[in-house]
J.: 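Can you read through this structure? Questions will come right after.
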Number of protein chains: 2
Amino acid sequence: MTDDADLSDLLTLRLGYLVKHAYLQLAAFLGDALEPFGVHPRELGVLSVIAADGAERSQNELASAIGMDRTTMVAVIDDLEDRGLVERHRSPRDRRRNVVTLTEAGAACLRNAEQARAEAERAYLAPLDEDAAQALADTLRTLYEAHAGTHAGSARAHPVQGPGAAACALPAREAGGARGK
Amino acid sequence: MTDDADLSDLLTLRLGYLVKHAYLQLAAFLGDALEPFGVHPRELGVLSVIAADGAERSQNELASAIGMDRTTMVAVIDDLEDRGLVERHRSPRDRRRNVVTLTEAGAACLRNAEQARAEAERAYLAPLDEDAAQALADTLRTLYEAHAGTHAGSARAHPVQGPGAAACALPAREAGGARGK
DNA sequence: TATTGTTATACTCTATAACTATA
DNA sequence: TATAGTTATAGAGTATAACAATA
């Protein structure tokens with residue numbers, strides 16, 4: 001490495017780089033914090049939503065509330081059910097629906113893991129003073145709400161073909177291209 | 001959907017959810033903006049680093065500067081080379097090294113795509129006033145530098161079973177677990 | 001022995017299509 | 001016909017191990 005400082009400096013000026021690594025770093029914090037409880041961050045989110053209110057939630061409702069695909073939710077519920085944290089019940093009023101409820105163990109796991117999650121978030125935000133941490137949360141929420149629905153089908157909002165696009169108009173990427181050794 | 005408002009509200013209070021979706025939404029903005037130029041955000045980062053200074057960069061140096069695995073860099077350079085945007089040269093001083101340089105087309109692509117990237121970032125930050133946008137960048141950079149190296153090998157499987165884990169201490173997750181019916 | 005580029009492999013996460021049973 | 005759950009599959013993205021050439 002000759003002078004990596006310049007190069008990484010260049011990249012940390014990029015918003016995309018910073019946001020991606022914020023996501024990766026926070027995911028590492030959360031994953032480590034939840035590891036003793038045997039749940040993934042995504043699973044904890046599912047448990048939280050199930051416990052959120054008294055209404056009985058079907059798998060489909062859970063999936064759409066979390067922004068998870070309903071086919072992915074099947075496997076998540078499978079895992080949680082195998083570990084005895086949730087139960088599936090056929091809804092008697094609409095026998096297509098699987099109502100998902102917390103077991104005793106699931107409720108206990110939720111309580112403990114939620115505490116660990118909150119601690120992990122605090123640890124991640126520790127380098128910031130309280131105002132900056134609050135401002136970050138507010139800002140992220142503003143952005144989330146303003147752009148909600150943007151990444152559903154990633155190629156939608158910007159269909160425009162900017163001028164000068166011909167500069168890179170070479171053969172589109174293929175799967176297994178020939179290598180130059 | 002009975003009352004999704006409550007549920008999504010619950011999730012937007014979670015930092016992990018907000019950061020993840022900030023990443024996904026910004027990635028969608030960047031991906032759409034760069035699509036006319038036929039480059040992915042990751043590839044644009046590689047082009048930028050190559051052009052960053054006069055020093056000749058090997059694949060290994062590019063990879064470590066960007067935080068990309070060196071085996072991943074091989075495929076990225078393959079693609080860029082197939083499209084005529086970069087060239088590989090064997091370094092005469094150390095014949096193990098592949099020095100990567102921009103072609104004329106690569107430099108032109110970089111210029112145009114960089115402009116599109118900057119516009120996409122501005123569009124993403126548009127819901128914020130200037131102070132909030134600047135504060136966000138500063139905060140993200142502070143967090144990145146404070147936690148640098150955190151997500152190297154942190155979030156993986158769940159081998160350890162820590163204290164207080166008894167609440168969820170049921171069978172660990174398997175690959176193709178048997179499903180309930 | 002260590003390093004660079006490379007290949008092969010595997011694992012995670014996600015997205016799509018199709019099937020079933022219900023409505 | 002439409003919807004909920006399910007299954008199978010495929011595509012990204014990433015990580016690891018091993019190998020050849022070179023130092």
Side-chain angles (χ1 to χ4, degrees), chain A residues 1 20-21 23-24 27-28 31 40-43 45-46 56-79 81 86 88-100 151-155 173-181, chain B residues 1-2 16 20-21 23-24 27-28 31 40-43 45-46 56-79 81 86 88-100 151-159 173-181:
Chain A
M1 300 83 172
K20 177 178 185 177
H21 282 78
Y23 163 58
L24 293 175
H40 286 235
R42 203 174 48 172
E43 295 172 331
V46 173
E56 307 211 301
R57 298 296 177 184
S58 71
Q59 292 185 199
N60 221 0
E61 286 167 346
L62 293 176
S64 73
I66 291 182
M68 180 187 297
D69 198 82
R70 80 191 210 275
T71 67
T72 306
M73 182 62 73
V74 175
V76 172
I77 301 292
D78 281 346
D79 274 345
E81 194 179 35
V86 304
R88 276 189 247 233
H89 308 277
R90 219 83 220 190
S91 167
R93 297 182 28 183
D94 182 345
R95 311 222 4 266
R96 293 172 302 183
R97 292 160 47 98
N98 261 350
V99 171
V100 185
H151 67 281
S154 35
R173 56 172 40 213
E174 294 174 51
R179 304 259 153 89
K181 170 199 322 212
Chain B
M1 306 84 171
T2 29
K20 176 176 184 179
H21 282 78
Y23 163 58
L24 293 174
H40 287 231
R42 203 174 47 172
E43 295 173 331
V46 174
E56 306 212 303
R57 298 297 177 183
S58 71
Q59 292 185 197
N60 221 1
E61 287 168 345
L62 293 176
S64 73
I66 290 183
M68 181 187 296
D69 198 82
R70 80 189 207 276
T71 66
T72 306
M73 182 61 73
V74 174
V76 172
I77 301 291
D78 282 346
D79 274 344
E81 193 179 36
V86 303
R88 274 190 249 234
H89 308 279
R90 218 83 219 189
S91 167
R93 298 183 29 182
D94 182 344
R95 312 222 0 267
R96 293 173 301 182
R97 293 158 47 95
N98 261 349
V99 171
V100 185
H151 68 280
S154 300
R156 271 173 303 184
H158 304 179
R173 57 168 41 210
E174 295 172 52
R179 303 263 157 81
K181 109 165 66 82

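By convention in this document, chain letters (A, B, ...) are assigned in the order of the sequence lines, proteins followed by strands, and residues within each chain are numbered from 1. None of the values given here were measured: they were computed from a predicted structure.
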J.: For the pair made of CG in A/Leu24 and P in D/dG13, what is the distance, rounded to whole Å?
T.: 13 Å

J.: For B/Glu61 and C/dT4, give me the distance from atom CD to atom C1', rounded to whole Å.
T.: 11 Å

J.: Quick check on DNA chain C: between A/Asp69 and A/Pro92, whose nearest nucleotide comes earlier from the 5' end?
T.: A/Asp69

J.: Kindly give the heavy-atom pair with the smallest separation between B/Arg70 and B/Ala63, and that separation in Å.
T.: CA-CB, 3.8 Å

J.: Is the phosphate of D/dT22 approached by B/Arg95 (side-chain N or O, under 4.0 Å from OP1 or OP2)?
T.: yes

J.: Looking at B/Val100, B/Val86, B/Asn98, which one forms a side chain to side chain contact (heavy atoms under 4.5 Å, CB included) with B/Leu62?
T.: B/Val100

J.: Look at A/Arg70 and C/dA17 and indicate whether a side-chain polar atom (N or O) is within less than 4.0 Å of OP1 or OP2.
T.: no

J.: What does B/Asn60 touch in the nucleic acid at a heavy-atom separation under 4.0 angstrom: a base, only the sugar-phosphate, or nothing?
T.: sugar-phosphate

J.: Classify the nucleic acid contact of B/Ser58 as base, sugar-phosphate or nothing, counting any heavy atom under 4.0 Å across all strands shown.
T.: sugar-phosphate

J.: If I compare all heavy atoms of A/Gly31 with all of A/Pro41, which pair ends up nearest, and what's the gap?
T.: N-CG, 4.2 Å

J.: Of the listed nucleotides (C/dA2, C/dG5, D/dT7), which one gets closest to any side-chain atom of B/Gln59?
T.: C/dG5

J.: Just by modelled atom types, is the A/Arg90 backbone N or O under 3.5 Å from a matching donor or acceptor in the A/Arg97 side chain?
T.: no

J.: Once you round to the nearest 0.5 Å, how far does CD of A/Glu56 lie from NE2 of A/His89?
T.: 7.5 Å

J.: What integer distance in Å separates B/Glu81:CD from C/dT6:C1'?
T.: 13 Å

J.: Looking only at side-chain N and O atoms, does A/Arg93 come under 4.0 Å of OP1 or OP2 in D/dA4?
T.: no

J.: Classify A/Asn98 by what it touches in the nucleic acid, base, sugar-phosphate, or nothing, heavy-atom distance under 4.0 Å.
T.: sugar-phosphate

J.: Between A/Ser91 and A/Thr71, who's closer to the 5' end of DNA chain C by nearest nucleotide?
T.: A/Thr71

J.: Would you say a side-chain N or O of B/Arg42 is under 4.0 Å from OP1 or OP2 of D/dT14?
T.: yes

J.: Establish, with yes or no, whether the OP1 or OP2 oxygen of D/dG13 is under 4.0 angstrom from a side-chain nitrogen or oxygen of A/Lys20.
T.: no

J.: Can you tell me the distance, in whole Å, between the CD1 atom of A/Ile77 and the P atom of D/dT6?
T.: 9 Å

